[in-house]
Each structure stands twice: as C-alpha cells, then as structure tokens.
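From a predicted model like this one, the values you see are computed outputs, not experimental measurements.
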Amino acid sequence: MKRLSLPMYDIHRPHTQALTARLAQPLRADVEWPDDLLAHWRAGDLLLSQTCGYPLMTQLPDVQLVGAFELSAPGCRGACYRSWLVAREEDENSTLADFRGRRAVANSLDSHSGYNALRYLIAPLAQEGRFFSTAHLSGSHRQSLAHLRAGKADIAAIDCLTWALLRRHAAHELAGLAIVGETPLCPAPPLITSARTDAETLATLRRVLTQFVEEKAARASFITGFTVPERAAYQAIIRWEEQAAALGVTAL
C-alpha cells in the first residue's frame, strides 16, 4: 500500500478524515497522520501528500509535483493564496510599520506563509537587519494565534485558508484577534508524490483529484478546483527570500 496524507490543513480532524478517506479509496492508499512531515514527504512510497511551497523548493528537490488546489477562502484567488497579518483587536487600526520593536511569532522556519512571507514584508522597513524586538517559533499557526491571544506576541502571519477553516470550525480561537494587513498572493501549497511514482500513477492521481474537487467535502474545505502549475511557479517563494536577503534581512 502507498502512503497518503493531507497534513497542511488538519483543522477539524473528522472533516480531514472524510477528505482523506474519499481520496484513499480510489487510490487504494493508506492514510497516515505523520508527526515527522519532512520524512513523510521524502518517503519512497509516498503516493500523495500536501506540502508548503518553501520546503518544496528548499528541501524536497526530488519529489514530483502533482498539482495544487484552487481555493475559494477569502484571500485566495484560484490556485494562489496569501497570509493575513494578525494582531490583537487593540491593534486593529495599526499598520505593519507600527509593529517595529514589538514581538513576532511564526509557526516554523520552513513555513512560507508564517515565516518567509512575513520576513519579505518587513525587509523594506527593517533597520540594520532588524525590525521586531523578538521573534519566536510556536510550532503551528494555531499555536501562533494562541500566543497572540495570551499576550506572548504581538503579530503573526497566518495562512488565509487556515484562518477561514478556523472561523468555520473553531471560531473561539480567533476571539479578540484582528487582521491588520496581508501579504501578496503566491502559489498555493503543492500536492506532491514520490520521485518513484510512475507516469501512469501520476496521471491517475491527477484524474482522481480532478474528480475529488467536485465532492461536497472538498467544497466545504474551500477547495473548488485542481490545476497543474509548473514547478517554476514556486520559484516566486525563493525570490521573496532573496529580496529580503538583498535588504539585509535573513531572519525575523
């Protein structure tokens, strides 16, 4: 059996289970709930998973790009998405520049939506490579939001699809928080398969995914279509990193 997972947006486990079960049946795959995502994505028997565009371009050179979902959540456009800049409601009328010298939180160093995108935005505003007084890692977007609510940090970049799913399934986690800005659009998180997956199986994956997006469960996750972008489209994510570095900003 081959491995299958949808780990990026496991906001409401019963719903994620329904989604993965719907995909696993026609593909005859085993659903996994991986703890070590990078090892899972690099597995030789990986049939289908979803990753972030940043590790796709920096840590997963050998995986094959299956495609990407087109999304209807606020902030998305087709197979592109963005991050919201989120703070507490007391700062809802602030701009990013107003957060100079304050505390940032991000989910992980290898996240485009939570780390790379925020670094790109602060780069033109930074002085001597610094903008925030501190920046720490939370482990997930949900934990970043918890840090904001608890007053442990002042601003975070949150994937707009994560925000929409939380508003639908766990609105209490957004209580007291406000969107104060946004990043530009970039290619949505890619669907990948192992380098060992043959061309016939790759074609089957794309056929099943094209059918899957018509399912009610997919629409309930703001999935409205499936497309196959060129891998080069994700180079935009690396350009954001390079542009920040050119301005002397290599970290939050």
Side-chain angles (χ1 to χ4, degrees), residues 4-12 14-27 29 31 37 41 46-57 60 63-85 107 111-114 116-117 120 141 157-169 179 182-193 197 199 201-240:
L4 181 149
S5 71
L6 290 176
M8 298 297 290
Y9 298 102
D10 184 22
I11 300 300
H12 183 60
H15 188 69
T16 310
Q17 288 173 326
L19 285 174
T20 51
R22 176 63 187 85
L23 280 171
Q25 183 177 10
L27 294 172
V31 175
L37 285 175
W41 292 330
L46 177 68
L47 180 64
L48 181 67
S49 189
Q50 189 176 41
T51 185
C52 171
Y54 191 80
L56 174 73
M57 300 304 292
L60 300 169
V63 301
Q64 297 185 73
L65 177 63
V66 178
F69 290 132
E70 296 175 346
L71 304 165
S72 63
C76 299
R77 184 185 304 162
C80 292
Y81 79 136
R82 71 178 81 240
S83 296
W84 300 129
L85 301 185
N107 52 339
S111 168
H112 172 71
S113 59
N116 188 48
Y120 171 75
H141 281 308
I158 304 295
D159 174 340
C160 67
L161 181 54
T162 295
W163 181 272
L165 289 167
L166 284 170
R167 182 167 294 284
R168 176 168 291 175
H169 296 291
I179 294 172
E182 63 185 40
T183 70
L185 288 164
C186 72
L191 296 156
I192 60 170
T193 189
T197 301
T201 302
L202 180 58
T204 298
L205 286 171
R206 289 170 174 165
R207 175 179 53 79
V208 169
L209 287 163
T210 299
Q211 297 168 346
F212 167 76
V213 299
E214 301 298 329
E215 297 282 335
K216 183 178 179 179
R219 297 302 172 113
S221 291
F222 302 98
I223 297 169
T224 58
F226 171 75
T227 189
V228 184
E230 294 291 332
R231 194 184 184 104
Y234 290 90
Q235 190 63 36
I237 289 171
I238 301 304
R239 287 197 294 271
W240 288 21

Subject >> Heavy-atom closest contact (Leu185 atom, Gly75 atom, distance) >> reply: CD2-O, 3.3 Å
**OP:** Give a yes or no on whether Arg77 atom CZ has more than 12 heavy-atom contacts from other residues, nucleotides or ligands under 6.0 Å away.
**Re:** no
Original post:
Roughly how far apart are Leu165 CG and Asp10 CG, rounded to 0.5 Å?
Top reply: 10.0 Å
Original post:
Would a 4.5 Å heavy-atom cut-off, applied to side chains only, mark Thr183 and Tyr120 as touching?
Top reply: no
Subject >> Exercise: identify the closest heavy-atom pair between Leu47 and Thr193 >> reply: O-OG1, 2.7 Å
**OP:** Decide yes or no for Cys76 and Cys160: does some side-chain heavy atom of the first lie under 4.5 Å from some side-chain heavy atom of the second?
**Re:** yes
Subject >> Closest approach of Leu161 to Ser221 (non-hydrogen atoms, all atoms of both residues) >> reply: CD1-O, 3.9 Å
Original post:
Does the side chain of Phe212 come within less than 4.5 Å of Pro26's, by heavy atoms?
Top reply: no
Original post:
Are the side chain of Arg82 and the backbone N or O of Asp159 linked by a donor-acceptor pair below 3.5 Å?
Top reply: no
Subject >> Any Gln25 side-chain heavy atom under 4.5 Å of Val208 side chain >> reply: no
Original post:
What are the two closest non-hydrogen atoms of Ala68 and Pro229, and how far apart are they?
Top reply: N-CD, 4.0 Å
Original post:
Ser49 and Ser5: which non-hydrogen atoms are nearest, and at how many Å?
Top reply: OG-OG, 2.7 Å
Subject >> Steps toward side-chain contact (heavy atoms from CB on, under 4.5 Å) verdict (Val66, Gln50) >> reply: CA-CA 9 Å; Val66 178; Gln50 189 176 41; over 6 Å; no
Original post:
Looking only at atom types and distance, does a side-chain atom of His141 sit under 3.5 Å from a main-chain N or O of Asn107, one as donor and one as acceptor?
Top reply: no
Subject >> Any donor-acceptor pair under 3.5 Å from Thr51 side chain to Leu56 backbone >> reply: no
Subject >> Point-to-point distance, once rounded to the nearest 0.5 Å, from CD of Glu215 to CZ of Arg22 >> reply: 4.0 Å
**OP:** Please test Tyr81 against Phe69 for side-chain contact (heavy atoms from CB on, under 4.5 Å), starting from the C-alpha separation and ending with a verdict.
**Re:** CA-CA 10 Å; Tyr81 79 136; Phe69 290 132; over 6 Å; no
Original post:
Of all heavy-atom pairs between Leu85 and Ala157, which one has the smallest distance, and what is that distance?
Top reply: CD2-CB, 4.1 Å
Subject >> Heavy-atom check, side chain of Leu23 versus side chain of Leu209, under 4.5 Å >> reply: yes
Original post:
Are Trp41 and Pro55 side-chain neighbours, meaning at least one heavy-atom pair lies under 4.5 Å?
Top reply: yes
**OP:** Any chance you could measure Leu191, atom CG, to Thr227, atom OG1, to the nearest 0.5 Å?
**Re:** 11.0 Å
Original post:
Under the 3.5 angstrom rule, does the side chain of Ser83 hit a backbone N or O of Ser113 as a donor-acceptor pair?
Top reply: yes
**OP:** Rounded to the nearest 0.5 Å, what's the gap from OG1 on Thr210 to CZ on Phe226? Could you check?
**Re:** 5.5 Å
Original post:
If you measure from CG on Leu27 to CZ on Arg207, what distance do you get to the nearest 0.5 Å?
Top reply: 8.5 Å
**OP:** Using ring-ring contact (aromatic ring centres under 6.0 Å, His included) as the criterion, list what pairs up with Tyr54, not counting sequence neighbours.
**Re:** none
Original post:
Rounded to the nearest 0.5 Å, what separation is found between the CZ atom of Arg231 and the CD atom of Gln64?
Top reply: 9.0 Å
Original post:
Is the shortest heavy-atom distance from the side chain of Val213 to the side chain of Thr224 under 4.5 Å?
Top reply: no
**OP:** Classify the angle between the aromatic ring planes of Trp240 and His112 as parallel (below 30°), tilted (30 to 60°) or perpendicular (above 60°).
**Re:** tilted
